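Below is one structure; the comments refer to it alone.
Please read all numbers here as calculations on a predicted model, not as lab measurements.
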There are 2 protein chains.
Amino acid sequence: MKGYAYRSGEGEPSLQLPMWEALVTDAVGDVIEFWGFKRNHGRVWALLYVREEPMNSKELQEDLELSKGAVSMIVRDLEQWKVVQRVRKPGSSAWHFEAELDFMEMITRVLQEREGELIARVSEDLKDAENLARTSDVDEETLERIKRMRTLAGLMKQALDVFVKTAQLDVSQTRDLLG
Amino acid sequence: MKGYAYRSGEGEPSLQLPMWEALVTDAVGDVIEFWGFKRNHGRVWALLYVREEPMNSKELQEDLELSKGAVSMIVRDLEQWKVVQRVRKPGSSAWHFEAELDFMEMITRVLQEREGELIARVSEDLKDAENLARTSDVDEETLERIKRMRTLAGLMKQALDVFVKTAQLDVSQTRDLLG
DNA sequence: GCGAAAGTTCAAGAGGTTTTGAACACCTAA
DNA sequence: TTAGGTGTTCAAAACCTCTTGAACTTTCGC
């Protein structure tokens, strides 16, 4: 097994990531993508986390082979989500970024936000549908089926809330998990 | 509020969906999309569910404004996931489709499959990363951080399994929920 | 304040996924 | 067996999201 991530040709100053860092960042990228975030959000956070030492945009750009613009946008998102903090480093005029530890909390929080909006909208639409159907000459069983769908939406929300609670509980039980 | 879903021009035989059906199918489409399926999977299933009466490809195609090919592929998926059944209808040579009721079960099942593959792969990669890091001159704390990520992946799996159980339990408690 | 470096923005492009529809295959009924 | 309706496939098109990089703005050190 090679010790360095593959890169053909010899473009930049050859600052490629060691294989193990590539594996870690890609792993987190895959996980975060599963949850509907962007792969590179995960890669950036993961690199900051394993390195411990705050990194600047230039370093992130080179190590993860991202563009200037991409790094700027990604760290902005991560800051807003409070999983990355912007810090000054003595002797440098550039901002540096360091990983916060509440990554799991962020995933569940954002997930719950998205899900909340969705369920609110869907419930509203199903209510409207039910009312409209009632004013048309729709039989009782059909109305019943629409109602059942609303129940189902409610159950989905409940189940997802349980997921969020479980995730947060698990993490807090393993307090200092990532620290 | 209009009683019919909007459609400009006058293309097909004007077999547009009543507004309430459009609301229902779109609602289910949105939900299923949230879970990483295709919008039209949800729309097709939802229409079959509210209509109760089995429909053929042609009807699905016209009512939901899908192409012939799309309908073919979508019902194939839904059949494989066991949420739609193919039936014969007397007096017609075309296949008809009817909705099965275990929609929620299907979502959680597919979700758990996807998640299972993901976590297996990620855990494997993190293990490799740890081993590689160990053979390099990586300090103990860094190794510890990689280990903690593996733990985190495990917790995520646990939490998702709880979600799946909760969802299935909720539905079974409300047995005949959709029936 | 000035020049240089760092950071941001966004239109255009790349990349990936879904949908289309024409060609082909399959069935059914006669 | 055949004709016509039905069903499937898949390359191309449409669509949508993410990334790039040049232009621009802000910040820093002096």
Side-chain angles (χ1 to χ4, degrees), chain A residues 11-13 25-26 28-45 47-48 54-81 84-98 110 114, chain B residues 7 11-13 25-26 28-30 32-45 47-48 54-81 84-98 110 114:
Chain A
E12 306 84 285
T25 52
D26 285 356
V28 175
D30 288 351
V31 168
I32 207 76
E33 197 171 33
F34 177 85
W35 292 109
F37 298 79
K38 285 192 253 175
R39 185 177 172 67
N40 283 332
H41 285 137
R43 296 213 305 143
V44 168
W45 181 86
L47 189 58
L48 292 174
M55 297 173 70
N56 65 27
S57 300
K58 197 78 184 310
E59 291 162 347
L60 287 169
Q61 187 183 333
E62 283 170 358
D63 288 352
L64 295 172
E65 305 186 66
L66 299 169
S67 69
K68 197 147 103 82
V71 171
S72 173
M73 289 187 295
I74 289 165
V75 296
R76 175 168 48 64
D77 292 341
L78 294 174
E79 266 184 284
Q80 278 172 354
W81 294 333
V84 153
Q85 196 170 3
R86 190 178 285 245
V87 297
R88 286 291 180 198
K89 237 184 151 178
S92 167
S93 66
W95 283 109
H96 285 62
F97 303 93
E98 68 179 356
V110 175
R114 282 192 210 145
Chain B
R7 166 113 56 79
E12 306 84 287
T25 51
D26 285 356
V28 176
D30 287 351
I32 206 77
E33 197 170 34
F34 177 85
W35 292 108
F37 298 79
K38 284 193 251 174
R39 184 178 171 68
N40 284 331
H41 285 137
R43 295 213 305 143
V44 169
W45 181 85
L47 189 58
L48 293 173
M55 299 173 70
N56 65 27
S57 301
K58 196 80 183 307
E59 292 162 345
L60 288 169
Q61 187 183 333
E62 283 168 359
D63 289 352
L64 296 172
E65 304 186 67
L66 299 169
S67 68
K68 198 146 102 81
V71 171
S72 173
M73 289 187 296
I74 289 165
V75 297
R76 176 169 46 65
D77 291 342
L78 293 174
E79 267 184 283
Q80 278 172 356
W81 294 332
V84 153
Q85 195 170 4
R86 190 178 286 244
V87 297
R88 286 290 181 197
K89 236 184 151 177
S92 168
S93 66
W95 284 110
H96 286 62
F97 304 94
E98 68 179 356
V110 174
R114 283 192 208 144

Touch class at under 4.0 angstrom, heavy-atom based, for [X] against every strand present:
X        : value
Ala94(B) : sugar-phosphate
Arg76(A) : sugar-phosphate
Ser93(A) : sugar-phosphate

Separation of [N] [atom2] from [X] [atom1] (nearest whole Å):
X        : N       : atom1 : atom2 : result
Phe97(B) : dG7(D)  : CZ    : C1'   : 9 Å
Lys58(B) : dT8(D)  : NZ    : P     : 16 Å
Arg88(B) : dT6(D)  : CZ    : P     : 11 Å
Trp95(B) : dA25(C) : CH2   : P     : 21 Å
Leu66(B) : dT8(D)  : CG    : C1'   : 16 Å
Leu60(B) : dT19(C) : CG    : C1'   : 16 Å
Gln61(A) : dT19(D) : CD    : P     : 14 Å
Glu65(A) : dT20(D) : CD    : P     : 10 Å

* Proximal nucleotide (of dT19(C), dT19(D), dC28(D)) relative to the Lys38(B) side chain ->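 Selected nucleotide: dT19(C).
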* **Candidate nucleotides dT19(D), dC10(D), dG7(D), ranked by approach to the side chain of Arg86(B) - the nearest** =>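 Nearest nucleotide to the side chain: dG7(D).
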* Asked: Which residue, Arg39(B) or Ala70(A), contacts DNA chain C at a nucleotide closer to its 5' end, judged by nearest heavy atom?
  ->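 Checking each residue's closest nucleotide, the 5'-ward one belongs to Ala70(A).
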* With DNA chain C as reference, determine whether Ile74(B) or Lys68(B) sits nearer its 5' end, using the nearest nucleotide of each. =>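 The residue mapped nearer the 5' terminus is Ile74(B).
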* Stepwise side chain to side chain contact (heavy atoms under 4.5 Å, CB included) test for Leu47(A) and Leu60(A) -> CA-CA 8 Å; Leu47(A) 189 58; Leu60(A) 287 169; 4.3 Å; yes
Please check the phosphate of [N] (OP1 and OP2 only) for any side-chain N or O of [X] closer than 4.0 Å.
X        : N       : answer
Ser57(A) : dG7(C)  : yes
Ser67(B) : dT20(C) : yes
Asn40(B) : dT18(C) : no

How close do [X] and [Y] get, heavy atom to heavy atom, and via which atoms?
X         : Y        : value
Val44(A)  : Leu78(A) : CG1-CD1, 3.7 Å
Ala94(A)  : His96(A) : O-ND1, 3.0 Å
Arg114(B) : Trp35(B) : NH1-O, 3.1 Å

* **Pair Trp45(B) + Phe37(B): ring centers closer than 6.0 Å** =>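 No, too far apart.
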